[in-house]
Amino acid sequence: MVGMRFAKGHGTENDFVILPDPDGELELTEEAVRLLCDRRAGIGGDGILRVVRTRALGEALAPSARTAERAEWFMDYRNSDGSVAEMCGNGVRVFARYLVHAGLVDGDVFEVGTRDGAKEVRVGSEGDVTVDMGRVERQGTSSAKLARQVVHGAQISVGNPHLACEVPGPVADVDLTEPPLLDREAFPEGANVEVYTEVEPGVLDMRVFERGSGETRSCGTGIVAAAAAATPAGEGATWRVRVLGGECTVFLDSDGARMSGPAAIVAEGETSLLS
Ligand SMILES: N[C@@H](CCC[C@H](N)C(=O)O)C(=O)O
């Protein structure tokens with residue numbers, strides 16, 4: 001079979017199809033992304049991580065993302081519906097793990113370019129990867145209508161938009177089967193919606209409905225957004241955040257957020273879906 005090389009990886013079961021495209025030769029259409037991510041007709045994934053040299057990206061970066069230009073490798077992230085997102089917290093850990101695994105970087109501390117700028121990663125010899133997620137912006141409050149309830153929470157940017165909502169009971173009781181209805185003025189580009197509850201001091205349980213992918217088993221930027229929402233403004237904190245697919249730790253201080261969590265490459269192969 002002649003096809004394109006791919007790998008499959010996940011971080012707390014937020015799973016990705018990884019497409020090595022160092023010289024930016026791949027024309028990745030929305031349709032191709034949807035097919036690759038399809039769990040029956042494709043490989044299956046919550047999103048795609050295209051591994052491209054930053055200088056071969058072929059896309060103008062927003063002024064706020066220009067720090068990405070100093071990173072050799074760029075994470076071109078796509079949601080499973082084909083849409084583009086600014087950042088993916090689990091994705092960047094898996095991307096970093098892949099770069100080390102594929103021998104594309106020297107050392108285990110380096111920067112990854114994203115549409116939210118360069119992110120420094122530290123890749124543990126096995127297991128966890130720590131990412132400097134950068135600034136976390138609180139932008140006020142908003143609400144969303146879910147299938148069976150309205151939730152209120154904090155509007156937070158982690159490079160991409162989030163509405164992080166504390167709920168009183170177990171997060172398992174929240175019905176996330178339908179896409180949340182958001183205030184379009186507050187979120188013109190849509191948002192990821194998190195529901196969380198503090199189960200013991202310093203520990204949050206969280207579930208998420210991701211923009212462009214639906215309910216997933218984890219969302220790294222959402223984990224950071226929930227941790228920030230649970231922290232009084234101006235204070236630092238460390239949170240363990242438990243999600244359906246595992247657990248990450250978030251360290252918040254006046255510089256922003258760092259997140260540690262697992263990242264694994266689980267398969268490699270060749271696909272004919274792109275030929
Ligand atoms: N799963 C990701 C977030 C992916 C992007 C998100 N769905 C969006 O559209 O903003 C994460 O781990 O952060």
Side-chain angles (χ1 to χ4, degrees), residues 8-18 30 33-34 36-37 44-50 62 64-65 74-98 112 114-117 119 121 128-137 139 142 144 155-164 176 179-180 182 186-196 204 206-229 241-250 256-264:
K8 181 81 196 283
H10 77 95
T12 49
E13 298 179 359
N14 194 193
D15 63 338
F16 310 102
V17 177
I18 302 160
E30 283 190 17
V33 170
R34 285 197 291 267
L36 287 161
C37 291
D46 295 324
I48 299 275
L49 309 175
R50 183 169 71 106
S64 58
F74 188 90
M75 176 181 76
D76 173 13
Y77 176 81
R78 314 290 177 95
N79 287 312
S80 60
D81 71 352
S83 59
V84 167
E86 303 85 342
M87 229 319 253
C88 177
N90 289 321
V92 78
R93 296 198 319 276
V94 172
F95 189 95
R97 168 75 63 213
Y98 176 79
V112 171
T114 76
R115 293 189 180 85
D116 186 46
K119 306 288 170 188
V121 293
D128 280 13
V129 175
T130 301
V131 188
D132 185 343
M133 299 287 287
R135 77 202 180 290
V136 179
E137 254 175 59
Q139 300 172 326
S142 190
Q155 185 176 344
I156 289 182
S157 171
V158 189
N160 59 348
H162 293 265
L163 176 65
L176 288 179
L182 294 159
F187 295 108
E189 309 292 336
N192 305 283
V193 175
E194 290 81 31
V195 289
Y196 70 88
L204 302 179
M206 185 199 102
R207 282 174 60 211
V208 59
F209 192 101
E210 283 195 43
R211 176 180 70 165
S213 300
E215 185 178 10
T216 58
R217 295 185 61 79
S218 177
C219 171
T221 49
I223 283 171
V224 172
V241 183
R242 306 190 313 196
V243 289
L244 296 175
E247 181 177 312
C248 292
T249 305
V250 180
R258 278 179 302 122
M259 176 183 53
S260 285

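Numbers for residues simply follow the sequence, beginning at 1. As a basis for the values below, the full set of heavy atoms in this structure was taken, side chains included, without hydrogen atoms, waters or symmetry mates. These numbers were taken from a predicted model, which means no experiment stands behind them. Remember, it's 1-based here, ligands and their atoms both numbered in the order they're listed.
The line from CZ of R258 to NZ of K119 is 14.0 Å long, rounded to the nearest 0.5 Å. Note that CD of E86 and OG1 of T221 are 9.0 Å apart. Values are rounded to the nearest 0.5 Å. Atom CD of Q155 and atom CD of E137 lie 10.0 Å apart (nearest 0.5 Å). Note: S213 OG to N192 CG = 8.0 Å, rounded to the nearest 0.5 Å. One distance of note links CD of E247 with CD1 of I223; it measures 9.0 Å at 0.5 Å rounding.
Formation of a donor-acceptor pair under 3.5 Å by the R93 side chain with backbone atoms of G261 is found in this model. Remark: the backbone N or O of G82 is not paired with any side-chain donor or acceptor of R34 at under 3.5 angstrom.
Counting atoms of ligand 1 from 1 in the listed order, those under 4.0 Å from a heavy atom of T221 are 3 (C), 11 (C), 12 (O), 13 (O). Near N160, meaning under 4.0 Å from any of its heavy atoms, are these atoms of ligand 1: 5 (C), 6 (C), 8 (C), 10 (O). Per-residue contacts place N79 under 4.0 angstrom from the following atoms of ligand 1 (heavy atoms of the residue considered): 4 (C), 5 (C), 6 (C), 7 (N), 8 (C), 9 (O). Close contacts of ligand 1 with G89, meaning ligand atoms under 4.0 Å from a residue heavy atom, involve 11 (C), 12 (O), 13 (O). Within the listing of ligand 1, atoms 3 (C), 4 (C), 5 (C) sit less than 4.0 angstrom from a heavy atom of M87. Remark: ligand 1 atoms within the under-4.0 Å shell around heavy atoms of Y77 are 4 (C), 5 (C). Counting atoms of ligand 1 from 1 in the listed order, those under 4.0 Å from a heavy atom of N90 are 11 (C), 12 (O).
The single protein non-hydrogen atom nearest to atom 12 (O) of ligand 1 is G220 N, 2.6 Å, given as residue, atom name and distance. Among protein heavy atoms, the minimum distance from atom 6 (C) of ligand 1 is reached at N192 OD1, 3.2 Å. The protein atom (non-hydrogen) at minimum distance from atom 1 (N) of ligand 1 is N14 OD1, 2.8 Å. Closest protein heavy atom to atom 3 (C) of ligand 1: E210 OE1, 3.4 Å. What sits closest to atom 2 (C) of ligand 1 on the protein, heavy atoms only, is C88 SG, 3.0 Å.
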* To do: Take Y77 and L49 through the test side chain to side chain contact (heavy atoms under 4.5 Å, CB included) and record every step on the way to the result.
  => CA-CA 5 Å; Y77 176 81; L49 309 175; 3.6 Å; yes
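For the pair C219 and ligand 1, a heavy-atom separation below 4.0 Å is found. Residue contacts with ligand 1 do not include H162, since none of its heavy atoms lies under 4.0 Å from the ligand.
Side-chain contact check for T216 and D46: no donor-acceptor pair (N or O, by modelled atom type) lies under 3.5 Å. Using modelled atom types, one finds a donor on one side chain and an acceptor on the other under 3.5 Å when comparing D81 with S83.
Not a single N or O atom of E86, backbone or side chain, sits closer than 3.5 Å to an N or O atom of ligand 1.
Neither the backbone nor the side chain of T216 has any atom closer than 4.0 Å to an atom of ligand 1 (non-hydrogen atoms only). At a heavy-atom distance under 4.0 Å, only side-chain atoms of A85, from C-beta outward, approach ligand 1.
Open room surrounds CD on E189; 12 or fewer heavy atoms of other groups in view lie less than 6.0 Å from it.
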